Amino acid sequence: MNSGNEYGVRPARRILVTGASGGIGAAVARAFAALGDRVAVHYSSRVDRAERLVTELGDGHLAVGADLSDPAAVPGLVQTTVDGLGGIDVLVNNAALVTTSHPPVTTDYETWARVWQEVLAVNLIGAANLTHQVAGRMVEQGTGGRIVNVGSRGAFRGEPENAAYGASKAGLHSLGQSLAVALAPHGIAVASVAPGFVDTDRVSERLSGERGDAIRAQSPYGRVATPEEVASAVVYLASPQAQWASGAILDLNGASYLRS
Ligand SMILES: NC(=O)c1ccc[n+]([C@@H]2O[C@H](COP(=O)([O-])OP(=O)(O)OC[C@H]3O[C@@H](n4cnc5c(N)ncnc54)[C@H](OP(=O)(O)O)[C@@H]3O)[C@@H](O)[C@H]2O)c1
């Protein structure tokens with residue numbers, strides 16, 4: 001990974017952030033762009049939001065669309081990114097699907113089986129496929145790289161109403177650990193963040209009213225995270241200085257859940 005020359009000037013890194021059409025992904029894209037990096041802002045359905053963000057970021061960035069549940073769409077996404085940015089140095093696997101809750105006792109089997117397929121197809125298999133394709137490009141470039149996964153506290157704390165989501169995030173953390181070992185010889189470091197609740201549109205309903213108060217009280221700080229706090233950690237894990245954090249799963253939950 002290029003860490004700059006003797007004067008401290010480093011070339012812009014080429015970054016792909018999945019699910020950057022809103023929430024945490026958009027904050028991550030903004031954080032990299034503010035550092036002078038060039039960002040491929042990935043979206044699935046909200047093309048308008050992605051294009052607005054690219055305009056906001058200024059020159060040198062682009063929007064790239066793909067449904068990550070479709071394995072056939074992934075090589076094209078990587079090709080478009082590499083064509084647009086001239087290569088790829090950092091992948092942030094942030095996109096995820098959260099479906100309606102599916103508690104095991106009250107969810108019919110047909111729904112249960114469908115939800116598991118849908119959630120794993122995006123959150124775990126989609127990320128694995130994309131990582132395979134991006135890692136191949138990084139190895140070809142011979143420049144090393146960084147891969148950062150956006151996992152979840154739910155992988156450790158449990159998701160009783162969204163078991164498929166919790167399992168997908170546990171799988172994503174595990175994917176990151178395996179690939180941290182497999183890709184280290186190529187100078188590619190892989191790490192994950194595991195946020196608790198983050199104040200994004202996706203969870204705004206859950207964060208309103210009394211239910212929201214109970215969620216905020218999970219942390220001794222009495223609040224949830226901001227997307228920018230998660231973005232800061234992603235930027236650190238993507239930095240040249242973070243090679244020794246490869247394989248890590250960084251808790252970002254305001255001490256709301258302490259695991260040993
Ligand atoms: N918010 C939280 O409390 C929280 C807590 C822990 C972890 N996280 C994790 O943080 C990440 C971002 O969450 P967020 O709250 O910012 O949610 P969000 O705004 O809903 O972002 C989800 C992103 O995933 C994309 N996506 C959904 N289905 C896709 C598919 N089939 N193919 C490709 N992309 C797809 C969406 O794209 P389109 O909108 O363009 O369709 C969107 O950009 C997720 O991995 C989430 O699990 C969030």
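Atom set for the values below is all heavy atoms of this structure, side chains included, hydrogens, waters and symmetry mates excluded. Quick caveat, the model's predicted, so the values are computed rather than measured. All ligand and atom numbering here is 1-based and tracks the order in the structure.
Nearest to atom 13 (O) of ligand 1 among the protein's heavy atoms is Arg202 NH2, 3.3 Å. Protein heavy atom at the shortest distance from atom 5 (C) of ligand 1 is Gly196 O, 3.1 Å. Protein heavy atom at the shortest distance from atom 39 (O) of ligand 1 is Arg46 NE, 2.5 Å. In terms of protein heavy-atom proximity, atom 47 (O) of ligand 1 is nearest to Tyr165 OH, 2.5 Å. Atom 15 (O) of ligand 1 has its closest protein heavy atom at Thr200 OG1, 2.7 Å. Nearest to atom 43 (O) of ligand 1 among the protein's heavy atoms is Ser21 OG, 2.7 Å.
Closest of all the heavy-atom pairs between Gly254 and Ser219 is O-OG, 2.7 Å. Taking all atoms of both residues into account, the shortest heavy-atom contact from Leu62 to Val54 is C-CG2, 3.5 Å. Pairing each heavy atom of Pro227 with each of Gly23, the nearest pair is CB-O, 4.1 Å.
In the candidate list Ala121, Ala95, Ala96, Gly19, Ala96 is nearest to atom 27 (C) of ligand 1, counting heavy atoms. Comparing Ser45, Ala26, Ser44 by heavy-atom distance to atom 29 (C) of ligand 1, the nearest is Ser44. Heavy-atom proximity to atom 7 (C) of ligand 1, evaluated over Gly151, Ser204, Ser69, Gly22, is greatest for Gly151.
For the pair Ser152 and ligand 1, the shortest N or O to N or O distance does not fall below 3.5 Å. Of the polar atoms of Asn94, at least one N or O is found under 3.5 Å from an N or O of ligand 1, judged by distance alone. Taking any N or O of Gly25, backbone or side chain, none lies under 3.5 Å from an N or O belonging to ligand 1. In terms of polar-atom proximity, Ile24 is counted as a contact of ligand 1, with an N or O under 3.5 Å from an N or O of the ligand. Residue Leu68 places at least one N or O, backbone or side chain, under 3.5 Å from an N or O of ligand 1. Ligand 1 has no nitrogen or oxygen under 3.5 angstrom from a nitrogen or oxygen of Tyr43.
Val139 is listed as a side-chain neighbour of Ile188, based on a closest heavy-atom distance under 4.5 Å. Between His42 and Leu16 there is a side-chain heavy-atom pair separated by less than 4.5 Å. In this structure, the side chains of Ser256 and Asn253 come closer than 4.5 Å at one or more pairs of heavy atoms. Side chains of Tyr43 and Val64 form no contact here, defined as non-hydrogen atoms less than 4.5 Å apart.
With a 4.0 Å heavy-atom cut-off, ligand 1 is reached by the side chain of His42 but not by its N, CA, C or O. In Val198, the parts holding a heavy atom less than 4.0 Å from any atom of ligand 1 are both the side chain and the backbone. With a heavy-atom cut-off of 4.0 Å, Arg49 does not touch ligand 1 at all. For Val122, every heavy-atom contact with ligand 1 shorter than 4.0 Å involves the side chain, none the backbone.
The closest approach between any non-hydrogen atom of Ala27 and ligand 1 is not below 4.0 Å. The closest approach between any non-hydrogen atom of Asp67 and ligand 1 is below 4.0 Å. Heavy-atom distances between Lys169 and ligand 1 reach below 4.0 Å in at least one pair.
Here is the list of ligand 1 atoms found below 4.0 Å of a heavy atom in Val150: 9 (C), 10 (O), 11 (C), 45 (O). Near Gly23, meaning under 4.0 Å from any of its heavy atoms, are these atoms of ligand 1: 16 (O), 19 (O).
Both tests pass for Arg259 against the ring of Phe156: distance under 6.0 Å to the centre and angle within 45° of the axis.
Exactly one of Arg13, His61, Arg14 qualifies for a side-chain hydrogen bond (donor to acceptor under 3.5 Å, both in side chains) with Asp37. That residue is Arg13.
A donor-acceptor pair is defined here as one N or O able to donate and one able to accept, closer than 3.5 Å; such a pair exists between the side chain of Asn94 and the backbone of Thr18.
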